[in-house]
Amino acid sequence: MKYVDEFRDGTLAAGLARAIAREVEPGRDYAFMEFCGGHTHAISRYGVADLLPRNVRLIHGPGCPVCVLPVGRIDMAIRLALARPEVTLCTYADCLRIPASDGLSLLKARARGADVRMVYSAADALALAERMPAREVVFFAIGFETTTPPTALVIQQAAQRGLANFSVICNHVLTPPAIEALLATPAAGSPARPRLAGILGPAHVSVIIGSTPYAFAASRHHMPVVITGFEPLDVMQAVRMLVRQVNEGRAEVENEYTRAVTPDGNRKAQALIDAVLEARPQFDWRGLGSLPASALRIRPAFAAWDAEVKFGLEDRPVPDHRACECAAILCGAKAPTDCKLFGTACTPETPLGACMVSTEGACAAHYNYGRFRDPAGA
């Protein structure tokens with residue numbers, strides 16, 4: 001199989017569904033978390049959950065970078081864009097619509113006169129800085145390990161070119177610490193989390209970091225992990241591999257996505273990240289709280305291109321919307337349909353929570369592909 005349509009073949013999917021049904025044990029609960037928002041999107045789009053036995057449950061995880069970003073980081077960017085008329089703030093499209101404090105978003109800040117622009121890549125932001133030397137171009141960088149190398153590269157290039165009017169607000173987060181937090185005992189007062197039987201490991205993140213960094217989940221937590229691609233047959237094959245591990249009492253890191261993921265990942269990309277960025281001591285995640293060494297910041301050697309240093313930005317913790325269940329959804333404690341705002345006050349057109357903004361968000365995926373008809377808690 002090498003063409004996309006082969007990984008979406010309905011006949012093959014039906015065959016995999018029958019194979020999974022034969023292998024599940026009736027009295028066992030197979031609760032598998034898909035960590036990545038791309039998997040959530042694929043599962044909703046192709047109705048993968050409808051093909052699985054009732055005791056095989058797919059639970060949404062925190063692998064949507066827009067969703068896990070705390071409100072305070074967006075507020076910080078909005079304050080900068082509104083207070084400094086010389087600043088042109090650039091970011092990806094999804095970030096523009098993330099709800100912030102006081103009913104604002106970056107898009108609404110633009111309506112108030114801030115120079116906020118959408119870019120398709122970090123390279124676009126760097127090119128904008130080169131074209132507009134009289135402007136302070138700030139790139140609001142976001143994402144897991146997948147989008148981190150391009151950010152590190154543009155910082156390195158800005159330094160090499162002496163581009164003094166370019167800087168970055170770095171919001172890149174790391175996957176292994178988030179998985180560790182999901183598997184650890186939740187802090188007092190945190191939402192109760194489901195008892196997982198396995199994890200569908202992220203695809204593109206694993207292309208960068210490899211499969212080896214997930215070994216702790218199997219060794220320390222006896223948690224099966226199967227790294228899988230984004231196509232429906234990828235996901236279903238990974239579910240079958242997890243079912244087999246559970247049935248056999250194994251806890252291993254297996255790789256279904258062998259066409260793209262290796263044990264060591266992309267060493268060149270890893271070296272680039274390490275040269276420009278370093279781990280933050282702590283970082284706040286929506287749904288998971290403050291996690292140690294779970295996000296990246298710009299190294300002191302590149303402080304001239306660190307917007308938080310350059311403009312003296314302050315990250316102030318801000319609570320989420322009180323009625324929004326996004327935090328509980330991101331740690332698997334609740335489903336989108338458990339939220340009383342879902343599909344009523346909160347829709348992709350009028351999002352009240354970050355999970356309804358990005359296409360990788362669980363709420364947006366449920367809504368856009370008709371899963372809002374699912375009964376609550378199903």
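In what follows, residues are counted from 1 in the order of the sequence shown.
The line from CD1 of Ile59 to OG1 of Thr40 is 11.0 Å long, rounded to the nearest 0.5 Å. Atom NZ of Lys310 is separated from atom CG of Leu80 by 10.5 Å, given to the nearest 0.5 angstrom. Rounding to the nearest 0.5 angstrom, the gap separating the CG atom in Asn266 from the OG atom in Ser206 is 12.5 Å. Going from atom CD1 of Ile155 over to atom CZ of Phe302 covers 8.0 Å, rounded to the nearest 0.5 Å. With values rounded to the nearest 0.5 angstrom, Met236 atom CE is found 5.5 Å from Leu52 atom CG. Note: Glu252 CD to Leu242 CG = 11.5 Å, rounded to the nearest 0.5 Å.
Linking Ile, Leu, Val, Met, Phe, Trp and Tyr whenever their side-chain heavy atoms come within less than 4.5 Å puts Phe216 and Ile227 in one cluster. A continuous path of Ile, Leu, Val, Met, Phe, Trp and Tyr side chains, each step under 4.5 Å between heavy atoms, connects Leu107 with Leu82, placing both in one hydrophobic cluster. No single ILVMFWY cluster, assembled from side-chain heavy atoms under 4.5 Å apart, contains both Phe230 and Val207. Taking hydrophobic clusters as Ile, Leu, Val, Met, Phe, Trp and Tyr residues chained together by side-chain heavy-atom distances below 4.5 Å, Leu352 does not share a cluster with Ile74. One hydrophobic cluster, built from ILVMFWY side chains closer than 4.5 Å, cannot hold both Val71 and Leu96; they sit in different ones.
With hydrogens and angles disregarded, a donor-acceptor distance shorter than 3.5 Å links the side chain of Tyr30 to the backbone of Glu25. Counting only distance, with no hydrogens or angles, the side chain of Asp284 and the backbone of Gly289 share no donor-acceptor pair below 3.5 Å. Arg79 contributes no side-chain N or O that, together with a main-chain N or O of Leu313, makes up a donor-acceptor pair within less than 3.5 Å. Checking side-chain atoms of His366 against main-chain N and O of Ala362 turns up a donor-acceptor pair under 3.5 Å. Formation of a donor-acceptor pair under 3.5 Å by the Asn55 side chain with backbone atoms of Asp29 is not found in this model. Remark: the backbone N or O of Cys346 is not paired with any side-chain donor or acceptor of Thr350 at under 3.5 angstrom.
Leu174 has its side chain out of reach of Phe283: every pair of non-hydrogen atoms, C-beta onward, lies at least 4.5 Å apart. The shortest distance between side-chain heavy atoms of Glu136 and Phe311 falls below 4.5 Å. The shortest side-chain heavy-atom distance between Phe144 and His204 does not fall under the 4.5 Å cut-off. Between Ile208 and Thr148, the closest side-chain pair of non-hydrogen atoms is not below 4.5 Å. Looking at Ile98 and Ser105, their side chains never come closer than 4.5 Å, going by heavy atoms from C-beta outward. Inter-residue side-chain proximity for Met33 and Pro62 is flagged as met; some heavy-atom pair is nearer than 4.5 Å. At least one side-chain heavy atom of Leu182 sits under 4.5 Å from a side-chain heavy atom of Cys331. Here the side chains of Met132 and Val137 are in contact, with some heavy-atom distance below 4.5 Å.
Judged by a 6.0 Å distance limit and a 45° cone about the ring axis, Arg117 is not positioned over the six-membered ring of Phe139.
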Which is it for Leu16 and Gln237 under the side-chain contact (heavy atoms from CB on, under 4.5 Å) test, yes or no, and what are the steps along the way? CA-CA 7 Å; Leu16 267 175; Gln237 177 61 22; 3.3 Å; yes
For Ile179 and Thr175, run side-chain contact (heavy atoms from CB on, under 4.5 Å): C-alpha distance rounded to whole Å, both residues' side-chain angles, the deciding distance at 0.1 Å, then the answer. CA-CA 6 Å; Ile179 293 178; Thr175 301; 3.9 Å; yes
CA sep, side-chain torsions, deciding dist, call: Asp274, Arg299, salt bridge (charged side-chain N to carboxylate O under 4.0 Å, His left out): CA-CA 9 Å; Asp274 188 58; Arg299 288 187 179 276; 3.3 Å; yes
side-chain contact (heavy atoms from CB on, under 4.5 Å) assessment of Asp124 paired with Cys90: CA-CA 9 Å; Asp124 285 349; Cys90 306; over 6 Å; no
Apply the test salt bridge (charged side-chain N to carboxylate O under 4.0 Å, His left out) to residues Arg45 and Glu231: give CA-CA distance (whole Å), side-chain angles for both, the deciding distance (0.1 Å), then the verdict. CA-CA 10 Å; Arg45 178 181 180 184; Glu231 297 302 327; over 6 Å; no
From CA spacing to verdict: side-chain contact (heavy atoms from CB on, under 4.5 Å), Phe32, Val226: CA-CA 10 Å; Phe32 300 142; Val226 176; over 6 Å; no
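Tyr46 and Arg8 share a side-chain donor-acceptor pair at under 3.5 Å. With no hydrogens or angles considered, a side-chain donor-acceptor pair links Glu254 and Gln245 at under 3.5 Å. Between the side chains of Thr151 and His172, at least one donor-acceptor pair of N or O atoms lies under 3.5 Å. A donor and an acceptor atom, one from each side chain of Asn255 and Tyr214, are nowhere located under 3.5 Å apart.
The two residues Leu51 and Ala13 come nearest to each other via the heavy atoms CD1-CB, 4.3 Å. Residues Arg57 and Ala31 share a closest heavy-atom pair of NH2-CB, 3.5 Å. Between Ala159 and Trp305, the closest heavy-atom pair is CA-CZ2, 3.4 Å. Listed here is the closest heavy atom pair of Cys363 and Ile329: SG-CD1, 3.6 Å. Residues Ala203 and Thr228 approach most closely at CB-O, 3.1 Å, considering heavy atoms. Pairing each heavy atom of Ala114 with each of Ala81, the nearest pair is CB-O, 3.6 Å.
Partner of Cys355 under the disulfide (SG to SG under 2.5 Å) criterion, out of Cys64, Cys67, Cys326: Cys326 alone. Each of Val173, Leu69, Leu330 was scored for a side chain to side chain contact (heavy atoms under 4.5 Å, CB included) with Trp285, with one residue passing: Val173.
Aromatic ring pairs are classed by plane angle as parallel below 30°, tilted from 30° to 60° and perpendicular above 60°; the pair His41 and Tyr369 is perpendicular.
Annotation: side-chain hydrogen bond (donor to acceptor under 3.5 Å, both in side chains) contacts of Asp75 (sequence neighbours excluded): Ser101. The side-chain hydrogen bond (donor to acceptor under 3.5 Å, both in side chains) search around Thr88 returns Asp115, Arg135, not counting sequence neighbours.
Remark: Arg244 engages Glu23 in a salt bridge, criterion side-chain N to carboxylate O under 4.0 Å. For the pair Asp264 and Arg267, the salt-bridge criterion is met [side-chain N within less than 4.0 Å of a carboxylate O]. Between Arg220 and Glu180 a salt bridge is recorded (basic side-chain N to carboxylate O distance below 4.0 Å). The pair Asp306-Arg297 does not meet the salt-bridge criterion, since no charged nitrogen lies less than 4.0 angstrom from a carboxylate oxygen. Under 4.0 Å is where a charged nitrogen must lie from a carboxylate oxygen, and between Arg240 and Glu256 no such pair does. Contact check on Arg259 versus Asp234 returns a salt bridge, with a Lys/Arg side-chain nitrogen under 4.0 Å from an Asp/Glu carboxylate oxygen.
Two rings, from His39 and His60, have their centers 6.0 Å or more apart.
For residues 145-161, the salt bridge (charged side-chain N to carboxylate O under 4.0 Å, His left out) pairs, not counting sequence neighbours, are Glu130-Arg161.
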